[in-house]
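Only one structure is covered here, and it is reproduced in the block below.
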Amino acid sequence: MTEIEVPYQETIGVRHPRSWITRYWFSQDHKVIAVQYGVTAIAVGLVALVLSGLMRIQIGFPGLLPFITPDVYYQAVTMHGMIMVIFLLTAFLLGAFGNFCVPLMLGARDMVFPFVNMLSYHVYLLSVVVLMASYFVPGGPTGAGWTLYPPQAILPGTPGVDWGIVTMLLSLIIFVVAFTMGGLNYITTILQARTRGMTLMRMPLTVWGIMMATVLGLLAFPALFVSGVMMLLDKLVGTSFFMPAIVSFGQPLEHSGGSPLLFQHLFWFFGHPEVYIVALPAFGVVSELISVHSRKNIFGYRMMVWALVAIGALSFVVWAHHMYVAGMHPYFGFFFATTTLIIAVPTAIKVYNWVLTLWKANIKLTVPMLFALAFILTFVVGGLSGLFLGNVIIDVPLSDTYFVVAHFHMVMGVAPILVIFGGIYHWYPKLTGRMLNNTLGQLHFWVTFLGTYAIYYPMHYLGFIGVPRRYYANGMESDFYPESAATLNEFITIAALVVGLMQFVFVYNLIASYFRGKAAGSNPWEATTLEWQTPNTPPSHGNWGDTLPTVHRWAYDYSVPDEDQDFIPQNVEHT
Amino acid sequence: MWVAAALLIVVVGSVAFNFLTPWWFGEAASNWGSIDDIVLLTFWVCGVVFILVGLSLVFSIYKYRFRQGARAHYEPENTRLELWLTVGTSLGVVAMLGPGLFVWDEFVRVPAEASEMEVFGEQWRWRYRLPGTDGKLGTTDIRNISMRNPFGLNDDDPNGLDDVLIQSSEIHLPVNVPVKALLRSKDVLHDFFVPEFRAKMDLVPGMVTYFWFTPTKLGEFEILCAEYCGSSHYLMRGVVAVDRPEEYQVWLHSQPTYAELLAAARPSNRDIAEGRTVAETNGCLACHSLDGSQVVGPTWQGLWGRSERLVDGSVITVDEAYVRESIVSPSAKIIDGFAPVMLSYDLPESDIQTLLAFLRSTSTFAPVDAAEGLADAGEVLVQSRGCLACHSLDGTKGVGPTWRGLWGRKEYLTDGSVVSVDAAYFRESIEHPNAKVVEGFAPVMLPYQFTDEEFEAMVAYAVERLTVP
Amino acid sequence: MKTISEARGTLVTTLADDWGSDIATLKGVPWGKVMMWVFLVSDTFIFTCFLVGYMSVRMSTIEPWPNPSEVFALHAFGVSVPLLLIAIMTFILISSSGTMAMAVNMGYQRRKKAATNLILVTALLGAMFVGMQAFEWSKLILDEGVRPWTNPFGAPQFGAVFFMVTGFHGLHVSAGVIYLLTIAFRIRRGKYDESDFEIVEISGLYWHFVDLVWVFIFALFYLW
């Protein structure tokens, strides 16, 4: 690299917003947009949390709350799932962390198209509003399960078939538009708008994780979009994409010739990359947390990057492991079991590298570090239980049981959420200039980690005895379901309620620390990455003042031998 | 130090929980106990990884806790180590995948000697069909489903006539005989799952899916629907009873075949109406009057059971055989006084059935007995609108209360009150089903709209056929 | 300790050096162009999913699939000419890609008037395409009784796929026409005078994409 190219960013001016509306509501500043995404995602996530509480109360103490009828229960199951996966996890990891971290970590002033970025948030907000509108339409929200399988999603016998399924599908379609707009920005910014000296292999792993997730999203969400459009047409217009000949409650229907399996293929072609869209940014962020808080470079940075790329690529050829017992041709089982277990290899490499980073490190047990450690353990549990399910023959008895519920909660609901918390504790000082309260943070951590572990680890074993998922009650005389399992359900419910309550303490911490938190300074964690080297904290609009930083080293120069400090920021020259 | 201790407790506790837990696979009741072995293998491989990762976390947190002024070891990468770890992981993956795929191979290869059983699922009950003495299941089409033909069998397919139809949710199987379960759905996705058998497969409407298994233990095993199918998904239960061969044969012979069901079917008002439509659309009524007037062919008024003199002097009685022959070979037996001008008709069997029902109804001058007709009409309604999917007629508990002995029965409601099943309660339960729910049942019934005449018919049906005998 | 940027010598490392170098991976490519390419890749997946869905539905229909040559025949001069209208539509769309390419050329030569006019011609051809598609729709709906849920020619999914796929494509063409008109008027007003007029190429990319999708729809739906 001998030519010195002047980054295009240096030649463009930054137009500062003037009114309250352009500063906070229609802001084009990536940091504000990040907060908008974050606040909206947390708000809707709390709704989903309450729904999960209702579900657990019904499972643990059937009949305790009489208003939870089967319809209400299944509506809660569906809305909880969809909100958590799409509107919380995807929106927070990509919308909030992506927007906040990427330009700062790359030394950019903002995303390449701030206007489109702003639009993407408002379209996301619209999708949330449309989804919440489900509660106000006749019949209420859809109760088809987050997977929305036809034919039942649009036939009587399932709650919300009149309007709820329509609002759900519309909201997803709108979300895809929002995601696409955001995704275009991220990729273009990461590829084209880095500062001087910031080569791809000097980018922090957070950016790599977010970039891979964005690529996955841009290629996977189309399948969800198309399946949503086709199901809307089947429902509203009477087409038969997914609807074969059916006699529903004694009435023969007009549909014929469609295939429910087509929906499942389209949905899971999206659905599997979706879980990696959630996981890959989490992998990136947790690498950051472990490295900073153990004062040691992430072990095997190159392999970590390649593992991210490999996992992303492989995630497109494993989807039918969600369909092993769906009735597709049995030979597909051989193929997809093989690809699924292959994807375990790069994922395992990442786990080994996190563990090896801690080896001979200098570990500070700060709150972000605690969350990162808990991530490693819970992700290992969840990932290993995925190996059971990926091996096709083992999936046969375990599919549609609580084993699956335990697996995906561990690996999507516990591990990435722990990373989100860790990331918030980590970057809150940069965003606000204040530290989050440490005591509340410790309390939040221990209750959340131990609580969620207590919920989901034993739950795997309910799957072994064959307790099916999506059961409103296990009632009726059952020989196979021992009395002790009901006791376990009660225990899990109580743990869930305790963990749920603790999240409100976290929200209180977020708000209170904004006003009363300890002043943080520019780089309280003594980290090397660029976002901590901004001239102001919180960073002002345009991030870097007059001159963009120049990068001279990779993102993980911690504990470099023969140096005064145990970290060297990326924009410090070599002597 | 405390953090390390806490993590250690979590790791050790998880391992201990695994060995001490009461919640484990029960003993398998089918040949697929081999799956349990693969699970155990996977547990060992994964367990080792979990313990190693967990313990190294614990160790690192303890040993390498932060010390001011200390430095971490600086080693950005170690390609050799990572290579070995990759190789090791791949070997572990192969160790799990290899045996797993072997067993899957067995799973997808149905043994040639497996007998067949059809599982016919719908919202929210299970029914079954067995091949009968010819060993072959008849072909079906969803669009054939009617009151007379609840499984939708194709009447043109002779293999279907001897099929054994099991209308309850309890199926019997002989022990140690491999069986291929053919799965068919009437409406939405379901899944046939017996935990003790380990095997399961989805029912997909528009397709016939399958899996096979060999029951190896005697006993009764609960069937659970394992693919969400609506509000009463959790209530869609059944029983597989695995019998000794002799007991199985006894049970099998007590089940009706399709042919027997057809023979026992009472012509309903709907069948009669359909038969009349058949007569109109095929032009029969152009030549055969219904009011006694003489047209091209013999009048159909009072036709059934009538004695007729043929042109050759012999006398026959109008019965099913004669009618069938007259349709297909009209010139074979001409009634005295009429010309051999009738064309031959090739009607589908289902049309002939309804036409016969219509013709039978002509055996008296008066229409079918009013009360009988009304109850019949009510029966048609409850069948066609799906009531019987949730309310059994034979006393078995389903999604809703059984209708055996329904009329006049005392029911205890969820609010503790008692109600007697009468016309008012019956109507309310249909229009506002969740207003008064019987104790022990969930408020899952959908409301239905009927006209007053339809209610009258259903009440007549209930009074006549659902009263305690 | 070796990092990638310090390694030298092998072809692979030089490639990684190039692509992984600082500031920009795609050298000299304006941000808007990268964004358009990425968007088009995503949109390609959308149409691919639609067409895969169509092929899957067609393979599994229980009733015979109508013959598109017969369904889309036009009666001209007393003779039934199969796919005549579709052929004309295809010709128009491909020609519009030609005028668009010329507009891009004019743009880079900074000949604003020529570029604007060529863009307007492209938009006009696009509008004609949409008009003809609308005519086709009205003919099928009003005269032939084709509906999304049924049609007199065969498998009911035929109408469903037809309206869905051509509908989405038509939406994209219509959006493209509006987009092109906006660009043309902005060029005339001098909004891009400071730039290299790469905006014409960027909008051209979108237009070519729309044309390419039509080629696939034409081949897979009308010809097969």
Side-chain angles (χ1 to χ4, degrees), chain A residues 1 5-9 112-113 116 176 180-181 183-185 187-202 215 217-223 225-227 229-230 233-234 237-241 244-245 254-259 261-262 265-266 269-270 301-302 551 553-554, chain C residues 1-7 16-63 147-150 155-161 163-164 167-168:
Chain A
M1 190 199 85
E5 226 178 288
V6 175
Y8 176 53
Q9 308 172 50
V112 288
F113 278 106
V116 174
V176 173
T180 306
M181 286 197 272
L184 296 178
N185 248 323
I187 301 234
T188 312
T189 307
I190 294 172
L191 284 182
Q192 300 293 92
R194 288 168 274 124
T195 189
R196 248 187 277 239
M198 178 60 83
T199 64
L200 284 180
M201 293 309 262
R202 284 179 178 169
V215 170
L218 288 170
L219 301 178
F221 272 106
F225 183 92
V226 166
S227 64
V229 166
M230 285 177 165
L233 288 175
D234 275 3
V237 167
T239 53
S240 298
F241 288 108
E254 295 290 320
H255 301 282
S256 83
S259 168
L261 281 183
L262 175 62
H265 279 294
L266 283 171
F269 185 80
F270 147 74
Y301 171 80
R302 266 194 302 163
V551 167
R553 51 185 79 232
W554 69 326
Chain C
M1 179 206 93
K2 269 210 294 200
T3 61
I4 284 292
S5 53
E6 286 174 359
D17 260 347
D18 248 353
W19 284 2
S21 72
D22 68 338
I23 301 176
T25 300
L26 304 164
K27 311 272 183 293
V29 182
W31 294 346
K33 204 149 140 191
V34 176
M35 272 187 81
M36 181 54 80
W37 271 113
V38 175
F39 168 69
L40 293 179
V41 169
S42 187
D43 219 3
T44 304
F45 267 66
I46 296 234
F47 279 101
T48 306
C49 286
F50 272 130
L51 290 174
V52 165
Y54 149 64
M55 288 188 275
S56 158
V57 152
R58 179 165 177 171
M59 285 194 300
S60 62
T61 61
I62 40 186
E63 289 174 64
R147 301 279 181 273
W149 55 87
T150 189
Q157 284 86 352
F158 176 80
V161 171
F163 289 122
M164 185 177 72
F168 266 88

* Which residue out of A:Gly217, A:Gly183, A:Gly238 racks up the most heavy-atom pairs below 4.5 Å with chain C? -> A:Gly238

* **Proximal component of A:Leu266, with respect to chain C [non-hydrogen, under 4.5 Å]** => side chain

* To do: Give, for atom OG of C:Ser21 and atom CZ of A:Arg202, the distance between the pair rounded to the nearest 0.5 Å.
  => 11.0 Å

* Does the side chain of A:Val226 reach to within under 4.5 Å of the side chain of C:Ile46, using non-hydrogen atoms? -> yes

* Structure fact -> Per side-chain contact (heavy atoms from CB on, under 4.5 Å), C:Thr25 is matched among A:Ile190, A:Thr199, A:Leu191 by A:Leu191

* **Separation of C:Met35 CE from A:Gln192 CD (nearest 0.5 Å)** => 12.0 Å

* Name all pairs fulfilling the salt bridge (charged side-chain N to carboxylate O under 4.0 Å, His left out) condition that reach into residues 29-48 of chain C, sequence neighbours left out, sorted by first residue then second. => C:Lys33-C:Glu201

* Can you tell which part of A:Tyr301 gets under 4.5 Å to a heavy atom of chain C, answering side chain, backbone, both or neither? => neither

* Can you tell me how far the CH2 atom of C:Trp149 sits from the NE2 atom of A:His255, to the nearest 0.5 Å? -> 11.5 Å

* Asked: Mind checking whether C:Ile23 and A:Arg196 have side chains closer than 4.5 Å, heavy atoms only?
  -> yes

* To do: Would you mind checking which part of A:Phe225 comes under 4.5 Å of any heavy atom in chain C, side chain (CB onward), backbone (N, CA, C, O), both or neither?
  => side chain

* From A:Leu184 atom CG to C:Ser42 atom OG, the distance as rounded to the nearest 0.5 Å -> 7.0 Å

* **Which residues share a ring pair (Phe, Tyr, Trp, His ring centres under 6.0 Å) with C:Phe163, sequence neighbours left out** => C:Trp137

* Asked: Checking heavy atoms, do the side chain of A:Thr189, its backbone, both or neither come under 4.5 Å from chain C?
  -> neither

* **Shortest non-hydrogen separation from A:Leu219 to C:Phe45 and the atoms involved** => O-CD2, 3.1 Å

* Asked: Side chain, backbone, both or neither: which part of A:Ile187 has a non-hydrogen atom closer than 4.5 Å to chain C?
  -> side chain

* Under 4.5 Å from any heavy atom of chain A - which part of C:Pro156 -> side chain

* Is there side-chain contact between A:Leu218 and C:Val38, with at least one heavy-atom pair below 4.5 Å? -> yes

* **Heavy-atom pair with the smallest gap, counting every atom of C:Trp31 and A:Thr188** => O-CG2, 3.5 Å

* Asked: Which answer fits A:Leu233, side chain, backbone, both or neither, if we ask what part of it has an atom under 4.5 Å from a heavy atom of chain C?
  -> side chain

* Measure C:Ser56 against the heavy atoms of chain A and call it side chain, backbone, both or neither at under 4.5 Å. => side chain

* **Inter-residue atom distance C:Met55.CE - A:Leu262.CG, 0.5 Å rounding** => 11.5 Å

* Straight-line distance of C:Thr150 OG1 to A:Glu254 CD, nearest 0.5 Å -> 8.5 Å

* Considering only heavy atoms, which portion of A:Thr180 lies under 4.5 Å from any heavy atom of chain C: side chain, backbone, both, or neither? -> side chain

* Asked: Who wins among C:Thr61, C:Val41, C:Val29 for the most heavy-atom pairs under 4.5 Å with chain A?
  -> C:Val29

